[in-house]
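Let me begin by presenting the structure, written as structure tokens, before commenting on it.
Whatever order the structure lists them in is the order used to number ligands and atoms, beginning at 1.
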Amino acid sequence: MTKPTLVSFKLCPYVQRSVINLLEKKVEYEIKYIDLANKPDWFLKISPFGRVPVLVVGEEVLFESAVINEYLDETNLPSLHPKDPLLKAKHRAWAEFASALLVDQYGWTMSKEESDSNKKKEEILSKFKILESILPEPKNGTLFFAGETKHLVDTAYAPFFMRMEFLKNKGVEFDLVSGFPKVQTWSDTLLSLPSVKNSVLPEVPKEYIEFIKAHNSWMGGKL
Ligand SMILES: N[C@@H](CCC(=O)N[C@@H](CS)C(=O)NCC(=O)O)C(=O)O
């Protein structure tokens, strides 16, 4: 069977989720980078929403990171999902919550006006408050979504936390995580995983900041 091919934009957090899963599952894969500002025709033909990631598996094309990750999880056992259907459904619901955080993060960094950026920041903070209330207590300085064991849902959050870290490195005013001790421990745990560390190219931290600046957002002027 030929290797699956992941189509990527190197700064995309949704693609990064799939890379983390490919690495977690030790799947051999190819990766093709495209420029979203100049989408090639072959990509537009295979990506129904014109978005990355897409995963090409033989003759088939999968899109939507959550679906790609479920496929990778089912076809490369052991599964990173809980066995119990109710718990599995709960994990899927909280993976959706991670996607909402990514949307807030994009708005926070890319808004042209300070007031719009601040609204998004407040949305992130209110979501952190909810996460802090539902996360279990960390043990020995380690915390995953469900406690001591890593699950698929954790991989949905890691790209978000990585970008929070890139921003925090540009100034304490961009540090939203440290006010939430359990969220902070969760972030530290995820960012220390080899699959997460190796899920982006070395230039991504710098290019992420450059990307924000290049869009003339309010935050871009502060970085
Ligand atoms: N819900 C999608 C979101 C994917 C997404 O928004 N990808 C962005 C890049 S990070 C994209 O391809 N945008 C298309 C564009 O910028 O034209 C998923 O989880 O895969």
Salt bridge (Lys or Arg N to Asp or Glu O under 4.0 Å) contacts touching residues 12-22 (sequence neighbours left out):
none
How would you list all residue pairs meeting salt bridge (Lys or Arg N to Asp or Glu O under 4.0 Å) that involve residues 45-62, not counting sequence neighbours?
R51-E64
Which atom pairs, donor and acceptor, lie under 3.5 Å between side-chain atoms of residues 216-223 and protein residues at least two apart or in another chain?
unit_1 : atom_1 : unit_2 : atom_2 : d
S217   : OG     : T109   : O      : 2.7
S217   : OG     : G220   : N      : 3.0

Heavy-atom donor-acceptor pair, K139 side chain to G147 backbone, under 3.5 Å:
no
Looking at T189 and L143, would you say the former's side chain and the latter's main chain have a donor-acceptor pair under 3.5 Å?
yes
Give a yes or no on whether a salt bridge exists between K120 and E123, defined as a side-chain N under 4.0 angstrom from a carboxylate O.
yes
Anything under 3.5 Å between an N or O on ligand 1 and a protein N or O? List each pair with its distance, or write none.
unit_1   : atom_1 : unit_2 : atom_2 : d
ligand 1 : 1 (N)  : E64    : OE1    : 2.7
ligand 1 : 7 (N)  : V52    : O      : 2.9
ligand 1 : 12 (O) : V52    : N      : 2.8
ligand 1 : 17 (O) : K39    : NZ     : 2.6
ligand 1 : 19 (O) : S65    : N      : 3.4
ligand 1 : 19 (O) : S65    : OG     : 2.7
ligand 1 : 20 (O) : S65    : N      : 2.8

